[in-house]
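Below is one structure, written out as structure tokens; the observations come after it.
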Amino acid sequence: MTDKNPTTKSMDDIMALCKRRGFVYQASEIYGGINGFWDYGPLGAQLKKNLRDAWWQDVVMNPCQGKPGPNGQPVRIVPVDTCIIQNPKVWEASGHVGGFNDPMVDCRETKNRYRADHLLCIGEKGDKAGRMYVYIEANEKSYEAARKKLDKYKKRTLNDDEIDICSLTDLSADGLAISVGPDATEAGTLTEPRAFNLMFPTVIGATGDLEDNKAYLRPETAQGIFINFKNVVDTTRVGVPFGIAQTGKAFRNEVTPRNFTFRSREFEQMEIEFFCHPDEAKDWYVFWRDWRMSWWQEIGLAGDNLILREHDRDELAHYAKEGAGTSDIEYRFPFTAPGYGELEGIADRTDFDLKQHAEHSGLGDKLKYFDPTRGELAKNGQPKGERYFPYVIEPSAGLDRGVLAILCEAYTPDPDRPSKVFMKFHPRVAPIKAAVFPLVNKDGMPEKAAELHRELVKRFGHLGMIETDAKQSIGKRYARMDEAGCPLCFTIDGQTMTDNTITVRDRDTAGQQRIAMTDAGDHLAAALGL
RNA sequence: GCGGGUGUAGUUCAGUGGUAGAACGUCAGCCUUCCAAGCUGAAUGUCGUCGGUUCGACUCCGAUCACCCGCUCCA
């Protein structure tokens, strides 16, 4: 007996299977890879497409699967597909250019990293050459430690009015050299503050002058929706409350890409920006939060590994401070366990973004929405209408993270079956929907299998792959399908030749039943929930 | 960015300062009437990359890249 629990999922094993079966490859692998980028192989590409299609179907084509919104009306969503590169002013308005260059400071002695704008330093008033001690803002313990160290250095107890406090970011290089880090004992171990801008710069135009023609790859798809809000309202017969949805790539220069595809520098988002009257924001926030949670459960993340977590007030993003709240739908990945990693965030962004774009674009109140259903009643009994910036509820999901969670959830070790592991994908997202096998490669069975295969491809090929394989033993073929996560295998055997029945093998139970070959399509349709 | 670990076939891993191995998988053929069966055969690696030491480096040294873990960060 080994002490390794066979039901424990190892990320290394999952990654090995992803490579072996063609779900995920390292990007640029033959050149040594590239940090923070991953490619999808044949099965991974189809899995990802299936998840994206499921989202599109349930969000855009049939919003919330027909579930009415908190106002009792059908939920209305329209799609857009906006550019990865926008006018750089978009990112100034959104706050991405100016607001998020958090300068960081590393300590060479303690190996700790701090946000430079959270560090203050103290020293004796008027003392330009003596040591200064750095502490963390609003951290009582850190401050007291710094005071203690300063007193010890001065060999006396200093009064409050003998002390100068300044921000670390205001220090010169000389000042840094005489400063002692919050947890350090020596001076000069802090590096100069380094700025991190998480947006990918790029150059527009063939001359390639970065400074004059600088643009950015979008760090989120959301802004493409906000800047088209007026266009959509003006050209589509939608009115608040309604949502705009979009899927697409986004790019972030992550400080530390980690954990397989979880924190990639290039990734795909599935975002809804749902516009509603400020008075109704809370209701819509709750509605979207709960429906999105149930959607992920329905798509196959049904167990304890999925949680809904409401954010604490102090971890809210800049745009959500005034809103109804933010919650995360989080999955317990093998690499986060016992903790969780974010799959989707549902945030009340308030009217922050629309107001920002109203201001930066110069459109001002023209970007307000005119709501003819609100306002005081006129003499004829009709509402006079109300102009306002709608509040926005944003359910923003990571497609690649969803795929990764599905891969982890589906990975099911089973020492009793030949493959030792199978991928228990929900049939809706499974890249291979079914396989058709002749039991042996002779006696008319291959022809019969080809016939059924053609039929199933014609009916189900738009949903995923339909495989067929006549080589090697039937057990080996079943085992391969188990690792690929194919939910059903149809097998033509000797009996098929006499009574036109076939066997259906279920991936999860490995059990079989015999059905009429003409029922195979309906059987698959039922398994796919069609 | 810092610290630790790892890097040899598609995968999991041996290996030794002197011409590169196993298992599984893959492919082909035979066989095969239901779970990686059997038999025969085949392909596959610039031993992550670059440089250095050496008569000779997969092995020792340096750098670099990538992945994993911890810290940090995450609009």
Practice item. Using only heavy-atom distances, decide whether a donor-acceptor pair under 3.5 angstrom links the side-chain of Tyr31(A) to the base of C65(B). Key: no

Is it true that Glu220(A) and Arg349(A) have a side-chain N and a carboxylate O under 4.0 angstrom from each other? yes

Closest non-hydrogen atoms of Leu354(A) and Phe226(A), given as atom of the first, atom of the second and distance, are CD2-O, 3.9 Å

Fill in: Donor/acceptor link under 3.5 angstrom from Ser473(A) side chain onto base of G38(B)
no

Whole-Å distance, Gln495(A) CD to C34(B) C1', equals 13 Å

Whole-Å distance, Asn259(A) CG to C68(B) P, equals 7 Å

Q) So does Gln472(A) get a side-chain nitrogen or oxygen closer than 4.0 Å to the phosphate oxygens (OP1/OP2) of C27(B)? A) yes

- Considering only heavy atoms and no angle criterion, is a donor-acceptor pair shorter than 3.5 Å present between the side chain of Arg258(A) and the base of C68(B)? no

- Does Tyr31(A) have its ring centroid less than 6.0 Å away from the ring centroid of Phe37(A)? no

### Task
Kindly confirm or rule out a cation-pi arrangement of Arg265(A) over Phe251(A), judged by NZ or CZ under 6.0 Å from the six-membered ring centre and within 45° of its axis?
no

base_contact_polar (C34(B) base, Thr503(A) side chain, donor-acceptor, <3.5 Å): yes

- Side chain Gln512(A) and base C34(B) donor-acceptor under 3.5 Å: yes

